[in-house]
Amino acid sequence: MKKYISPALLLIFFALSAIGHYAHWSATLEFIISAIAVVLVAGFLGRATESVAHYAGQRLGGFLNATFGNAAELIIAIMLVREGLFDMVKASITGSIIGNLLLVLGLSLFAGGLKHKVQKYNVALAGMNGSLMIVAIIALFVPAIFLQTHVLHEADRSTLSLVVAGILIVAYLLWLIFSMVTHKNYLADISEKDAEELPHEHAPAWSKGQSILYLVIATVMVAFVSEWLVHTLDTFTAEFGLSELFVGAFVVAIVGNAAEHSAAIMLALKNKIGAAVEIADGSSLQIALFVAPVLIFVSHLFGKPMDIVFTVIELAAIGVSVFIAKSITQDGQTNWYEGLLLLAVYAILGVSFYLV
């Protein structure tokens with residue numbers, strides 16, 4: 001009975017979201033239904049990704065989980081770019097990065113630490129992830145400083161944004177080659193003797209063909225429901241007096257991160273903390289080094305150029321998130337209190353963004 005409830009809820013809320021959009025229901029009601037639909041579809045996307053990962057291997061599986069887990073956020077961001085809502089796009093990028101580093105990682109360390117006390121993973125991978133995030137901060141920080149101090153002219157804003165975006169995309173693609181090909185064993189996860197096997201690892205719920213098919217279907221569903229959600233944001237934001245910064249950085253980001261939440265926490269509980277950290281850190285890296293730069297190029301295709309200059313508030317939020325996350329993960333072992341510290345920083349940022 002249980003296995004039929006989740007698909008039924010998914011189809012019901014997806015259908016309601018479609019009806020609400022085309023029948024022009026209340027924007028608030030549409031937003032709530034669409035948000036629930038995005039979470040359910042993201043969960044379906046996460047399960048399909050995990051099933052595909054079973055056939056692809058754990059390392060590639062972690063990359064696929066982060067990639068398809070970010071599909072909802074990327075598609076939502078593209079819809080926002082098309083609408084010209086650049087401030088909300090940048091806020092959602094900020095929220096995705098801090099959400100993965102603080103909320104997803106924090107909940108994973110907290111839940112895993114409560115059950116397993118101390119969990120260990122590859123310290124070299126943690127160090128590389130931290131260094132890459134610092135590069136991402138530099139790439140966001142430098143254009144903002146150079147343009148806001150008027151060292152560069154406004155006419156150079158678009159050129160600088162495109163060049164930086166191109167460099168970040170190349171750096172990310174080379175990182176994939178480094179981590180999955182040339183130094184695959186060096187960055188391999190530490191296998192714990194007491195690590196529990198996930199129920200579906202030896203007997204996945206779906207065949208290889210079914211898993212790929214469901215992955216494609218879930219991605220298409222995410223595209224539709226994301227567009228319906230985006231159309232409600234203007235009215236929803238105005239009706240409740242919320243800033244675009246808060247809605248983009250927390251509401252949209254939390255909804256879009258649903259897939260990573262479930263997968264990372266479940267892996268941490270099974271004492272596979274390395275895979276959980278890989279999902280959280282890998283997702284943040286992908287947002288900062290690939291998704292954000294891609295959106296710069298996409299905006300030019302739409303004829304509405306977006307720059308890569310973030311506000312001081314957004315840069316500060318990303319900066320403190322990377323600082324605390326790198327500080328906590330650099331020793332290669334975690335516990336529940338370190339997870340609590342990450343959640344505390346997330347709460348501080350959440351309240352601050354809400355009051356803006």
Side-chain angles (χ1 to χ4, degrees), residues 1-54 64-76 79 92 95-96 99-100 103-104 107-108 111 198-201 203-207 209-233 235-236 240 247 250-270 276 279 283:
M1 182 67 181
K2 185 179 177 182
K3 68 178 181 179
Y4 296 111
I5 294 176
S6 183
L9 285 174
L10 170 63
L11 293 174
I12 288 170
F13 276 95
F14 183 80
L16 286 174
S17 183
I19 294 169
H21 174 72
Y22 292 109
H24 304 292
W25 288 356
S26 156
T28 302
L29 181 60
E30 272 190 66
F31 175 83
I32 293 170
I33 293 173
S34 296
I36 294 172
V38 168
V39 171
L40 292 173
V41 174
F44 175 44
L45 187 66
R47 290 194 297 275
T49 305
E50 287 171 31
S51 189
V52 170
H54 168 80
L64 288 173
N65 194 296
T67 300
F68 283 94
N70 282 333
E73 294 155 78
L74 175 59
I75 294 170
I76 289 173
M79 300 302 173
S92 68
S96 295
N100 280 299
L103 182 61
V104 178
L107 286 173
S108 299
L198 296 172
H200 60 268
E201 283 188 337
W206 305 315
S207 67
Q210 282 180 308
S211 301
I212 295 172
L213 175 63
Y214 290 155
L215 195 59
V216 173
I217 291 173
T219 305
V220 172
M221 291 177 76
V222 165
F224 278 104
V225 79
S226 298
E227 182 173 8
W228 301 333
L229 178 70
V230 166
H231 280 295
T232 69
L233 289 177
T235 308
F236 176 80
F240 288 90
V247 172
F250 286 84
V251 179
V252 173
I254 289 174
V255 169
N257 277 331
E260 288 100 325
H261 288 160
S262 57
I265 294 170
M266 182 174 66
L267 287 165
L269 286 171
K270 296 297 181 180
I279 288 173
S283 186

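Ala276 is linked by a side chain to side chain contact (heavy atoms under 4.5 Å, CB included) to Ser108, Ala264, Leu267, Ala268, Ile273, counting only residues two or more places apart in sequence or in another chain. Listed by chain and number, the residues in a side-chain hydrogen bond (donor to acceptor under 3.5 Å, both in side chains) with Ser26 amount to none (sequence neighbours excluded).
Shown here for Glu30 and His21, the closest heavy-atom pair between the two residues is OE1-CA, 3.4 Å. Among all heavy-atom pairs drawn from Leu269 and Ala111, the shortest one is CD2-O, 3.5 Å. Across every non-hydrogen atom of Val104 and Asn100, the tightest pair is CB-O, 3.6 Å.
Interatomic distance, Ser207 OG to Ile212 CD1, rounded to the nearest 0.5 Å: 8.5 Å.
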Could you go through residues 11-19 and list every donor-acceptor pair under 3.5 Å that involves a side-chain atom there, pairing it with any protein atom two or more places apart or in another chain?
{"unit_1": "Ser17", "atom_1": "OG", "unit_2": "Ser34", "atom_2": "OG", "d": "2.9"}

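Within the 4.5 Å cutoff, no side-chain heavy atoms of Val225 are placed close to those of Leu229. Taking the side chain as every heavy atom from C-beta outward, Trp25 and Ile33 approach each other to under 4.5 Å.
Not one N or O on the side chain of Thr235 forms a donor-acceptor pair closer than 3.5 Å with the backbone of Thr232.
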